[in-house]
Protein chains: 2
Amino acid sequence: MKELLKTKGFKMTPQRELIFSAFFELGEHVSVDELYAKVREVDESVGYSTVWRNLKLICRVGLAEEVNIGDGVTRYDRVTHDPHGHLYCRECKQFFEFDSEAVVDLMSAVADRQGFRPEGFKVEIDGVCRQCLRKSKKDNRNGRSGRSRTDAEKASGQAKG
Amino acid sequence: MKELLKTKGFKMTPQRELIFSAFFELGEHVSVDELYAKVREVDESVGYSTVWRNLKLICRVGLAEEVNIGDGVTRYDRVTHDPHGHLYCRECKQFFEFDSEAVVDLMSAVADRQGFRPEGFKVEIDGVCRQCLRKSKKDNRNGRSGRSRTDAEKASGQAKG
DNA sequence: GCACAAATGAAATCGAAATTCATTTGCAAT
DNA sequence: ATTGCAAATGAATTTCGATTTCATTTGTGC
């Protein structure tokens with residue numbers, strides 16, 4: 001690791017070491033804030049911008065890549081040997097992963113057909129996960145209803161959503 | 001269209017009508033700014049927030065959905081009957097599209113396997129498009145080189161990227 | 001040790017997204 | 001056509017994540 005950085009002209013500092021290892025201890029889909037919190041558990045003095053810059057650095061050297069699901073927060077995924085896609089549950093806001101040889105094959109087939117050189121892909125399926133499906137079924141049985149705001153009310157910017 | 005809105009409790013206004021039709025005149029991957037510009041060509045008095053809110057409304061009623069490629073700008077895609085994926089060229093920053101029955105099938109297969117109810121999916125392949133591949137080959141032949149900044153220089157936040 | 005580029009931390013800045021608020025407008029019921 | 005009122009509008013503002021600035025400190029090669 002240290003060598004990977006050195007050969008590219010980067011220095012190794014205590015903060016950097018801490019940030020890197022913290023990133024790899026956390027799972028996938030790490031946001032800057034999450035990483036920052038994790039790092040601060042160990043060393044209170046590390047600055048936010050240092051965490052941010054090092055997260056970018058981790059990407060730059062090819063150990064992670066950005067993931068965007070559209071909630072306004074960029075997350076970072078460790079680059080593994082097996083590419084994967086994401087299932088995102090709209091109810092519980094959680095990520096699930098899936099690996100699929102088939103997806104990879106399909107992606108390259110599609111790219112090939114258009115003379116496109118693929119360098120990476122992102123596959124995201126939005127929906128509702130098993131747990132939440134169960135839960136909402138139960139809620140329906142118990143007769144949960146009560147809508148408080150009309151569609152129009154929600155659409156206008158009059159209240160926090 | 002007018003009816004679709006009415007049934008959901010929304011009113012039709014001149015601005016809304018203009019914004020909706022402008023959105024559908026523009027192609028895919030429309031940003032708020034693009035739509036705003038388009039709308040202002042016709043009516044100088046329409047406000048930015050009105051455009052923004054109506055673009056959200058278009059999504060809310062299911063006629064469009066957000067697309068995020070990670071460049072910090074949210075774009076909106078018209079929802080068509082045939083779902084599609086995106087090819088994004090890292091060189092020219094352009095989008096290309098592809099349709100594929102196979103992708104859809106694969107997506108639902110993956111979701112099924114995990115008891116996940118899919119409501120939508122996003123497939124993005126990043127890479128380099130045909131044109132840019134050609135261009136970079138040519139550049140190489142002409143001996144373009146010259147690096148001005150080290151990796152470390154680019155990684156630190158000292159200069160605009 | 002010395003030189004010097006790289007790295008750091010605090011604060012400032014940027015920009016897209018979202019909201020506030022005073023005012024206007026669509027439209028359903030008179 | 002008038003009226004009541006929620007929805008819609010536009011300008012300005014706020015929010016908030018991402019990114020940069022800058023003065024200072026720190027690694028590394030010599």
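The chains referred to below are lettered A, B, ... by the order of the sequence lines, with proteins before strands, and numbering in each begins at 1.
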Problem - Pair B/Glu124 + B/Lys122, salt bridge at N-O below 4.0 Å - result: no
Fill in the blank from the handout: One would report the end-axis bend of the helix from C/dG1-D/dC30 to C/dT30-D/dA1, five pairs per end and rounded to 10 degrees, as 40°
Problem - Atom of B/Met107, atom of A/Ile125 and distance for their closest heavy-atom approach - result: O-CD1, 3.6 Å
Handout entry: Length of the CG-C1' vector between B/Leu57 and D/dT9, whole Å
Key = 13 Å
Handout entry: Length of the line joining B/Leu5:CG and C/dA28:C1', which is rounded to integer Å
Key = 17 Å
Problem - Under-4.0 Å side-chain N/O to phosphate OP1/OP2 contact, A/Arg16 with C/dT8 - result: yes
Exercise for the section: Would you mind reading off the distance between B/Asp43 atom CG and D/dT9 atom P, rounded to a whole angstrom? Expected result: 11 Å
Exercise for the section: State, to 0.1 Å, how close A/Val51 and A/Val32 come at their nearest heavy-atom pair, and which atoms those are. Expected result: CG1-O, 4.2 Å
Practice task
Without swapping roles, check the side chain of B/Arg130 against the backbone of A/Gln114 for a donor-acceptor pair under 3.5 Å.
Solution key: yes
Handout entry: Spacing of A/Leu18 atom CG relative to C/dG9 atom C1', expressed in whole Å
Key = 15 Å
Handout entry: Polar side-chain atom of A/Arg78 near backbone of A/Leu63 as donor-acceptor pair, under 3.5 Å
Key = no
Problem - Euclidean distance, atom CD1 of residue A/Ile19 to atom C1' of C/dA7 [Å, nearest integer] - result: 10 Å
Practice task
Take atom NZ of B/Lys11 and atom C1' of C/dA29, then tell me their distance rounded to the nearest Å.
Solution key: 13 Å
Exercise for the section: Check the distance between C/dC27's P and B/Lys8's NZ and give it to me in whole angstrom. Expected result: 18 Å
Problem - Under 4.0 angstrom between B/Ser31 side-chain N/O and C/dA16 OP1 or OP2 - result: no
Practice task
Kindly say whether A/Cys129 contributes a backbone atom to a donor-acceptor pair with the side chain of B/Arg117 at under 3.5 angstrom?
Solution key: no
Exercise for the section: Examine C/dG9: is either OP1 or OP2 under 4.0 Å from a nitrogen or oxygen in the side chain of A/Gln15? Give yes or no. Expected result: yes
If you restrict it to nitrogen or oxygen atoms, what contacts under 3.5 Å exist between nucleotides 17-19 of chain D and the protein, and what is each distance?
unit_1, atom_1, unit_2, atom_2, d
D/dA18, OP1, A/Thr74, N, 2.9
D/dA18, OP1, A/Thr74, OG1, 3.1
D/dT19, OP2, A/Trp52, NE1, 3.4
D/dT19, OP2, A/Lys56, NZ, 3.2

Practice task
Give one of base, sugar-phosphate or nothing for A/Thr50, where a contact means two heavy atoms less than 4.0 Å apart.
Solution key: base
Practice task
Check whether the side chain of B/Arg53 and the base of D/dG10 form a donor-acceptor pair under 3.5 Å.
Solution key: yes
Handout entry: Side-chain ion pair, B/Glu25 and B/Lys38, N-O less than 4.0 Å
Key = yes
Practice task
Output yes when a side-chain donor or acceptor of A/Arg75 lies under 3.5 Å from a complementary backbone atom of A/Asn68, and no otherwise.
Solution key: no
Exercise for the section: Specify the separation, in whole Å, of atom CG of A/Asn54 and atom C1' of C/dA7. Expected result: 8 Å
Practice task
Give the minimum heavy-atom separation between B/Asp77 and B/Phe23, together with the two atoms involved.
Solution key: C-CZ, 4.2 Å
